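Reviewing the structure listed below.
Throughout, a chain's letter reflects where its sequence line sits, starting with A, and its residues are numbered from 1. Quantities reported herein were computed from a predicted structural model and do not represent experimental measurements.
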Amino acid sequence: MTKSERTDNRKLDEIRPMKMKIGVIKRADGSAEVEFGDTKVVAAVYGPRQIHPRHQERPDRSVLRCRYNMLPFSVSDRKRPGYDRRSTELGKVITESLQPALFLEEFPKTAIDIDMEITQADAGTRTTAINAASLALAHAGIPMRDLVTSVAAGRANKKLLLDMTKEEEDAPDAVDLPVAMMPRTGKITLLQMDGIVSPEDIEKIVDIAEIGCMKIYEMQKKALLEKYSS
Amino acid sequence: MTKSERTDNRKLDEIRPMKMKIGVIKRADGSAEVEFGDTKVVAAVYGPRQIHPRHQERPDRSVLRCRYNMLPFSVSDRKRPGYDRRSTELGKVITESLQPALFLEEFPKTAIDIDMEITQADAGTRTTAINAASLALAHAGIPMRDLVTSVAAGRANKKLLLDMTKEEEDAPDAVDLPVAMMPRTGKITLLQMDGIVSPEDIEKIVDIAEIGCMKIYEMQKKALLEKYSS
Amino acid sequence: MTKSERTDNRKLDEIRPMKMKIGVIKRADGSAEVEFGDTKVVAAVYGPRQIHPRHQERPDRSVLRCRYNMLPFSVSDRKRPGYDRRSTELGKVITESLQPALFLEEFPKTAIDIDMEITQADAGTRTTAINAASLALAHAGIPMRDLVTSVAAGRANKKLLLDMTKEEEDAPDAVDLPVAMMPRTGKITLLQMDGIVSPEDIEKIVDIAEIGCMKIYEMQKKALLEKYSS
Amino acid sequence: MTLKLTKERILENIVKGKRLDSRKLDEYREIRIETGISKKAEGSAKVTIGETAVIAGVKMATATPYPDTPEEGVMTTSAEYLPMGAPEFESGPPREDEIILGRIVDRAIRESKCIDFEKLCIEPKEKVWMVFIDILVMNHDGNLFDACGLAAIAALKDAKMPVLTDDGTVDHEHLKGSLPIKGTPITIAVKCYKGKYILDTNADEGEAMTTQIVVGSNDDGTVSSLQKCGTEGLTKKEIADMLKLAVDTSKKVRTKHFK
Amino acid sequence: MTLKLTKERILENIVKGKRLDSRKLDEYREIRIETGISKKAEGSAKVTIGETAVIAGVKMATATPYPDTPEEGVMTTSAEYLPMGAPEFESGPPREDEIILGRIVDRAIRESKCIDFEKLCIEPKEKVWMVFIDILVMNHDGNLFDACGLAAIAALKDAKMPVLTDDGTVDHEHLKGSLPIKGTPITIAVKCYKGKYILDTNADEGEAMTTQIVVGSNDDGTVSSLQKCGTEGLTKKEIADMLKLAVDTSKKVRTKHFK
Amino acid sequence: MTLKLTKERILENIVKGKRLDSRKLDEYREIRIETGISKKAEGSAKVTIGETAVIAGVKMATATPYPDTPEEGVMTTSAEYLPMGAPEFESGPPREDEIILGRIVDRAIRESKCIDFEKLCIEPKEKVWMVFIDILVMNHDGNLFDACGLAAIAALKDAKMPVLTDDGTVDHEHLKGSLPIKGTPITIAVKCYKGKYILDTNADEGEAMTTQIVVGSNDDGTVSSLQKCGTEGLTKKEIADMLKLAVDTSKKVRTKHFK
């Protein structure tokens with residue numbers, strides 16, 4: 001792919017700058033902060049630990065519980081604190097995108113809790129939250145089949161693009177397709193989409209997202225390596 | 001009584017058309033749908049069964065729990081989902097109108113749950129809900145002293161009437177008096193009233209409601225018979 | 001101190017008229033009503049008793065739980081029933097002002113519940129609530145190191161004052177400083193303040209509040225004496 | 001909660017026409033009504049029946065009228081059990097019993113038409129007075145329906161109108177003139193046990209016997225609200241008898257306590 | 001909840017291409033769609049798929065438009081499990097599953113652009129029509145995504161516009177003209193287990209296999225919403241296959257049930 | 001929760017004037033203040049004191065003024081424990097501790113009059129600016145009062161005004177000019193145990209010793225908010241000493257961190 005007229009001068013298959021910091025929350029068992037363009041997410045993991053309320057306990061596995069929360073000042077118009085339907089949905093969707101990478105059956109009767117706080121919200125909060133959570137899980141020493149890596153691809157102004165900006169998301173023909181995957185097996189664990197598109201184009205957009213995931217995967221591995229070699 | 005100038009041409013002691021259908025909710029232990037004029041109610045029974053939350057358990061009897069709920073689109077102006085004071089009150093009032101017919105002491109430590117959903121609301125939702133719930137209890141095979149049968153009578157434009165329409169309820173002298181009874185013993189288990197009236201007229205209105213209850217009672221028995229003979 | 005131009009003609013160190021009545025709520029283990037100018041509070045104590053919900057139970061002590069609640073009609077603009085942040089804060093602050101006087105460790109695994117209802121709100125609802133609660137605790141026969149006694153002092157129109165009126169609280173230089181203490185030891189158990197003032201003046205205002213507390217303390221003891229000698 | 005033995009003794013006595021506190025079946029404990037008990041309310045009242053104590057306060061505010069009654073004021077009534085009222089009362093969202101209590105008292109006032117809602121119109125379609133009646137149970141020793149009904153009407157009759165200032169705010173400090181109240185609806189609960197009719201049950205009796213009708217009736221002997229409560233059915237004769245007893249009792253209460 | 005043994009038997013059979021009720025993997029139970037089932041709603045529908053039964057109703061009201069779409073109407077969709085729908089359903093605040101169900105159906109309708117929101121503008125910036133779609137699960141025997149999606153679009157296509165009266169209130173009694181609906185988006189859930197693709201899972205099957213994609217697609221074969229659910233990952237090939245199966249199935253359903 | 005043994009060791013040491021981390025009783029851990037940490041906020045700050053970390057953000061919106069201050073802007077402050085902040089923090093409605101924390105910081109800012117509310121008036125009686133200060137505890141290792149107070153004032157001083165567009169909406173993208181903030185109120189908590197005064201307690205120390213005064217004081221040495229917390233009483237002398245210590249400390253913190 002070649003250089004495009006994207007609003008921020010990125011190439012079609014280029015992601016925004018990404019920074020990763022591991023171990024940012026001292027009391028948590030694992031934590032990470034990921035900046036992705038103007039999106040910023042802190043994720044922290046507690047667990048495996050005793051589960052409250054007790055009726056959520058499962059005899060044969062650990063229960064993974066993810067909270068996705070936007071801080072009141074992370075968006076232009078202040079967001080009232082507290083849950084809404086969107087955060088409930090995203091908590092669930094993120095749980096299901098991380099769960100395939102975990103060995104939950106090895107920690108029966110426990111909970112693994114992940115708190116993801118969006119401190120600055122631009123495009124891609126859910127995918128950035130997944131990337132941060134994945135690093136936090138690794139930092140907590142929780143065994144994983146693979147890191148989970150996430151980014152969105154889509155279409156805007158008739159072009160298929162990796163990692164769309166907010167402006168591109170507002171294009172009349174915009175399609176936004178966030179993906180999460182376990183790069184080693186290529187298994188896709190998150191797939192959502194809004195916008196009208198042919199099934200063939202969906203396949204192409206998933207391919208583009210995969211390219212992005214592979215890049216982020218390398219950065220995740222590097223960040224972990226640096227953390228443990230320092 | 002003779003033919004009247006009622007808005008819908010019914011006689012003073014004539015009820016709106018009523019349809020009964022038993023066994024409409026497959027997963028429930030018992031269920032029934034009753035249509036009464038433009039009012040439509042589905043009732044379903046689960047139980048006797050283990051009770052949640054456990055602190056509601058009674059060592060010496062079953063706990064009858066009735067939910068009365070209007071669906072959002074059952075009324076002209078959409079009703080917001082969720083409980084309000086009216087539905088709480090009606091849940092309680094219906095519970096007390098059905099309870100005298102049941103042998104709750106025979107099922108200690110259990111719950112009998114009745115869910116009544118108003119899918120279309122015209123006059124008489126509470127009485128129709130009781131008629132449907134009574135059929136659903138019978139269908140669930142829960143032993144009963146008698147069916148509970150319910151209808152309202154009242155006064156409009158100086159006439160005493162059975163089963164008033166919404167228009168008649170808006171008359172300046174309107175009195176609405178819903179009644180439920182166990183026809184075999186004549187015991188009245190629901191009695192509510194709004195509107196200014198003399199004690200003597202209340203007695204007359206109850207007599208009229210009783211006439212209506214006896215008719216509905218026959219229809220209830222017939223519906224059950226047909227269900228079990230088919 | 002001398003006679004002032006206070007709105008209600010009181011002297012600078014004079015409190016509003018105060019009435020105390022003990023034993024006003026029959027079912028409670030102890031109760032009292034205190035009127036202080038136009039402020040009226042009823043306090044009632046239940047306990048030590050079994051604690052609900054059970055997870056609040058402490059193995060080594062009783063848990064003191066105070067509810068501060070303004071009745072809807074106790075203020076000019078009707079207050080919506082239910083808790084708000086202010087009542088939660090005051091419940092906590094009052095709990096901490098009474099706790100030092102109690103021997104909670106002598107009643108492990110129990111609760112001592114105090115309900116304070118403001119039936120008429122003028123200046124000084126929290127201090128009046130503490131005075132009433134203190135009497136109710138004594139009336140309930142709960143052992144105490146000392147009565148807790150409470151009043152506010154402050155500054156208005158450049159004068160340091162005991163027990164400010166609502167009008168004085170609105171002065172441009174107003175400082176309001178509610179205090180509670182155990183008079184026998186002089187230990188201060190409540191201290192809050194709003195308004196700009198020097199640390200030196202705070203000390204002077206606390207001294208004035210202490211004068212007020214000593215007067216109220218005598219009235220509390222007298223009220224208890226009369227209750228038990230009658 | 002009442003011990004099972006107490007309950008049995010209460011019921012055995014009722015059948016013989018007796019009560020544990022030696023009252024007759026239709027005999028009330030002393031009723032006291034005191035008004036003006038909260039200076040901040042537009043109107044207020046404290047009612048005690050024996051050891052049962054409730055207070056009610058009336059507050060007014062401006063509101064938008066309902067579309068179908070654009071020239072009428074509005075009213076809302078709530079009843080709440082204060083935690084001090086009984087060991088089992090707890091702070092929290094309203095319980096089923098409180099909701100029923102509030103709604104029955106609300107209907108007794110509303111359906112009697114004792115509030116002249118047309119006089120509470122400020123500007124048709126735009127602005128009317130809203131009347132809040134808040135009733136609180138301070139000490140529960142039974143018969144809350146009667147006590148709360150009395151407190152509500154006593155507070156209404158005690159209430160003065162606040163003043164609407166030029167800029168549309170409500171001045172609660174300078175009240176003038178009474179609320180437009182005509183008539184005195186009285187709520188009376190009559191319990192029934194094995195054909196006996198009992199008035200003014202105390203807390204233990206109230207737990208032993210739940211079946212009752214609650215009747216709101218007016219100065220002219222008409223009834224404007226009626227509700228059966230409790231776990232047993234009633235015959236038509238019983239209902240007629242209880243209705244008459246309620247209306248007769250309401251007359252006595254009205255004469256004695258509201259002149 | 002499904003017994004562990006049932007679950008194992010279901011999965012063993014699926015691997016062999018079989019189902020306990022002897023359907024083929026891509027075979028539906030009978031689908032029935034009935035519209036106009038509630039006279040009070042602007043539009044309504046009942047959908048049954050086998051023993052699964054859901055109803056949906058459309059109501060309209062006036063609202064203020066969003067600042068960024070001042071000339072467009074608005075829509076909101078909710079899905080609720082009625083307590084009657086299954087022994088484990090309970091009354092209370094919406095559960096996670098209900099929220100997901102509602103949001104997926106909402107997106108399938110919204111993103112397909114089947115509602116012409118510009119025609120729902122009454123006065124730009126000031127007043128637009130708000131479309132409420134309420135979906136209720138009355139009997140849960142699996143495949144709620146398909147059933148709720150069908151009920152939503154069927155109710156929308158059944159809906160008539162209420163009349164706005166001169167004084168700005170909504171007259172729900174005199175409906176006239178249809179809602180501006182173009183196209184028929186259909187939501188299809190495809191489950192995947194060990195490389196097998198399964199349509200229309202019943203309640204037991206649905207508990208045994210959670211991994212699926214839910215696809216909303218349109219008359220012209222385009223896809224407008226897509227969501228993977230469940231606890232396992234999927235390969236790109238599986239996703240492509242399932243997508244195709246969903247779009248093909250939606251065509252059949254559309255042809256058969258919406259002419 | 002702190003083990004009983006840890007608690008005893010902490011207290012034994014305090015009596016001897018020592019701390020387990022070998023700080024002096026009035027010695028702070030390192031304080032760091034970073035502003036501008038969230039681009040979407042009008043102003044923001046992150047404060048760490050040792051391992052305690054909190055962030056605060058300021059957002060502005062338009063609102064109607066209170067009737068009694070028709071020409072003044074309004075402010076609201078809230079503090080929340082994020083679940084990540086400590087193992088025992090949970091998602092849910094605000095706990096008592098969070099409410100107290102928010103209210104004490106709110107009062108320290110409000111009573112100091114550091115926000116010039118008159119400059120936040122847009123149109124008297126009709127429209128004013130509302131300042132939201134949201135404070136979040138990200139990692140809890142004690143001394144939340146100091147940390148949250150610092151974060152709040154640092155975020156306020158960092159904040160820029162959004163622009164009010166011609167059609168009355170708020171443009172958060174183009175900020176211009178600072179918020180009208182005069183002065184730097186600082187909140188300092190001083191704990192007391194057996195006559196010893198301790199500053200900047202960490203999480204374990206904070207659980208071992210609860211009795212404290214929290215003091216908000218200003219550039220000129222005046223105090224504008226004061227609250228005693230905890231389960232023990234304090235003598236007048238102790239209060240005077242602690243007050244002095246708090247004011248002196250606030251001066252040092254102000255000089256060092258706000259120039």
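- Heavy-atom distances place no part of Glu200(C) under 4.5 Å from chain F, backbone and side chain included.
- Looking at Asp97(F), the atoms closer than 4.5 Å to chain C (heavy atoms on both sides) all sit in the side chain, from C-beta outward.
- At a 4.5 Å heavy-atom cutoff, the contact between Val223(F) and chain C is made by backbone and side-chain atoms alike.
- Contacts of Ile104(F) with chain C are absent, with no heavy-atom separation under 4.5 Å from either backbone or side chain.
- Heavy-atom distances place the backbone of Glu232(F), and not its side chain, under 4.5 Å from chain C.
- Only the backbone of Leu190(C) comes within less than 4.5 Å of a heavy atom of chain F; no side-chain atom from C-beta onward does.
- Looking at Leu243(F), the atoms closer than 4.5 Å to chain C (heavy atoms on both sides) all sit in the side chain, from C-beta outward.
- Taking non-hydrogen atoms and a 4.5 Å limit, the residue list of residues 60-70 of chain C in contact with chain F is empty.
- Interface residue Glu89(C): backbone and side-chain heavy atoms are both found under 4.5 Å from chain F.
- In this structure, the portion of Ser112(F) lying under 4.5 Å from any heavy atom of chain C is its backbone and not its side chain.
- Neither the backbone nor the side chain of Leu104(C) has a heavy atom closer than 4.5 Å to any heavy atom of chain F.
- Only the side chain of Val93(C) comes within contact range of chain F, judged by heavy atoms closer than 4.5 Å.
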